[in-house]
**Q** 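I'd like to ask some things about the structure below.
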Amino acid sequence: MIHSIRGFNDIYGKESVIFQKLESLLREILKLWNFKEVRLPILEKTELFQRGIGDDTDIVEKEMYTFYDRNGESLTMRPEGTASVVRFLNEHKLYGSDRYLKFFYIGPMFRYERPQKGRLRQFHQAGIEIFGLPHPLAELEGISVLQYILSRIGITDTTFYINSLGCDLCRPGYKEALFSFFDNKEEHLCEDCKRRKIKNPLRLIDCKSTKCQENLEKAPKITDFLCNNCKNHFDELKNLLFLYNISFEENPKIVRGLDYYNRTVFEVHSKSLGAQSALCAGGRYDRLSKDLGGFDLPAFGWAMGIERLISLITDSSDYSEEIDFFVVIIGESAKKEGLTVIDRLRKAGYSVEYDTFFGSVKSQLRRADKLKAKKTIILGEDEIKRGVFILKDMKEGKEEVVEINKLWKGDFVKWSF
RNA sequence: GUGAGCGUAGCUCAGUAGGUUAGAGCACAAGGUUGUGGCCCUUGGGGUCGUGGGUUCGAGUCCCAUCGCUCACCCCA
């Protein structure tokens, strides 16, 4: 027996229904904020992610599904959505007609990681990207719609962490301060951090090892190093969040794992998620578009993990959907009429099921009950002779005799539910 | 990539210090009503005990290997 690839799951049953409902809710809400959907390819040139996400990040270094196609070109199954959206935007030169653009996407992403709770190799993300707005109003747009989505789904018990990473002007000063702070503490650092210190000193800040935690208490904070513009931006954002009554917690340890962020970064965590507690994360990435060879466009965006979101939905309701009619067919001579009735009803807009094995009346009715049919039509040889069928209400248990002719007249109104 | 725990029926699990034909509940099917569901009763189908090797008179049970799943580290949505 061939089974699915590790970390690649089949989504079916209740989960599939919740998935659909969640998607339509997202589309409905994002429309209120005037976000437009983009459906982008799953496969992109590897270079897009190397340059976009950053060569030194874990995602690019060891988590991408990368392979050569038949022409020898290196392709990668997208590990995230932002780089693709930026590529799309520049490729179609959409900023030419409108300098303020808002997009969203929903779809599968791929990362080669060891699966665990809340972590799959193929997982789904919904994300938004806002282009062209340097002002923190971009953050407010993105964050307010996110908060509304979470509240509509009914997810509480989340913490919203926010931080600023500064810009090209102020971050070098901070990196230097960090570097010299850790310089004489080499022996106190965990193995990972020794490596980080050279490659990406910012990441020292969010190390989780207890060994490093002590250092971090005394480590310099990025927010103390922000230049005036960055500080004003951050302050103004906080004021806007107050205006919208969005509660947040400043957390200088939020630095994010992708290279493209500047200024605002944020994460939404939930304690109920397990070790992979991030439900949603994002930030501002003003340089990415230009870095990818495109137009110089400020941008802000976030992405949320759909599976993680679903695992938080504590909805115990029954997701097996009821059907309108079950048609019980008794005897060989009733089959022809029965199958015609079924076809008629379906094309009149009713959901209909029947027993293709034509079991006993008892087993057909059992099946009608199990499938949650609202009404059952019973059609046997006797009924055919009389030109009628029995219409049975499955909740009341009452039966009535109806002339088959009424179906052909399209007179379904009396059974509307 | 590292570590820990777990693999017995479609599902959730029992299975006693190794000992006859491996069990239960749920689910499924048939019947109890010569054409009527839910509740109840009866009966039935379904398992190479993850796989391979070893120890033993005898292995679901002990040992080794392997595969898979889960959780955690790491990382991230």
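Each chain gets a letter, A, B and so on, in the order its sequence line appears, and its residues count up from 1.
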**Q** Within the 4.0 Å heavy-atom criterion, would you say A/Gly118 contacts the bases, only the backbone, or no part of the nucleic acid?
**A** base
**Q** Indicate, with a heavy-atom threshold strictly under 4.0 Å, whether A/Leu120 touches base, sugar-phosphate, or nothing.
**A** base
**Q** Contact class for A/Arg6 (heavy atom, under 4.0 Å): base, sugar-phosphate, or nothing?
**A** sugar-phosphate
**Q** Across all strands shown, which nucleotide pairs with B/rA59 by Watson-Crick or G-U wobble geometry, both distances under 3.5 Å?
**A** none
**Q** Could you tell me whether A/Ile390 contacts a base, only the sugar-phosphate backbone, or nothing, with contacts defined as non-hydrogen atoms closer than 4.0 Å?
**A** base
**Q** Using the side-chain heavy atoms of A/Val361, tell me which of these nucleotides is nearest: B/rC76, B/rG38, B/rG35.
**A** B/rG35
**Q** Which sits closer to the 5' end of RNA chain B, A/Ala281 or A/Gly274, going by the nucleotide each is nearest to?
**A** A/Gly274
**Q** Report yes or no: is there a donor-acceptor pair, N or O only, under 3.5 Å between the side chain of A/Gln364 and the base of B/rG35?
**A** no
**Q** Classify the side chain of A/Lys372 and the base of B/rG38 as holding, or not holding, a donor-acceptor pair under 3.5 Å.
**A** no
**Q** Could you pull out all residues at least two apart from A/Glu73 that satisfy salt bridge (Lys or Arg N to Asp or Glu O under 4.0 Å)?
**A** A/Lys45
**Q** Roughly how far apart, to the nearest Å, are B/rU12 and B/rU33 at atom C1'?
**A** 34 Å
**Q** Got a sec, which residues hit salt bridge (Lys or Arg N to Asp or Glu O under 4.0 Å) with A/Glu250, two or more places apart in sequence or on another chain?
**A** A/Lys238
**Q** Apply side-chain contact (heavy atoms from CB on, under 4.5 Å) to residues A/Phe49 and A/Thr57 and explain how you reach the verdict.
**A** CA-CA 10 Å; A/Phe49 302 114; A/Thr57 58; over 6 Å; no
**Q** According to the Watson-Crick and G-U wobble definitions, with both distances under 3.5 Å, which nucleotide is paired to B/rG37?
**A** none
**Q** Give me the residues of residues 141-151 of chain A where at least one heavy atom lies under 4.0 Å from an atom of RNA chain B, by number, or none.
**A** none
**Q** With sugar-phosphate meaning primed atoms plus P, OP1 and OP2, does A/Ile330 contact a base, only sugar-phosphate, or nothing at under 4.0 Å between heavy atoms?
**A** base
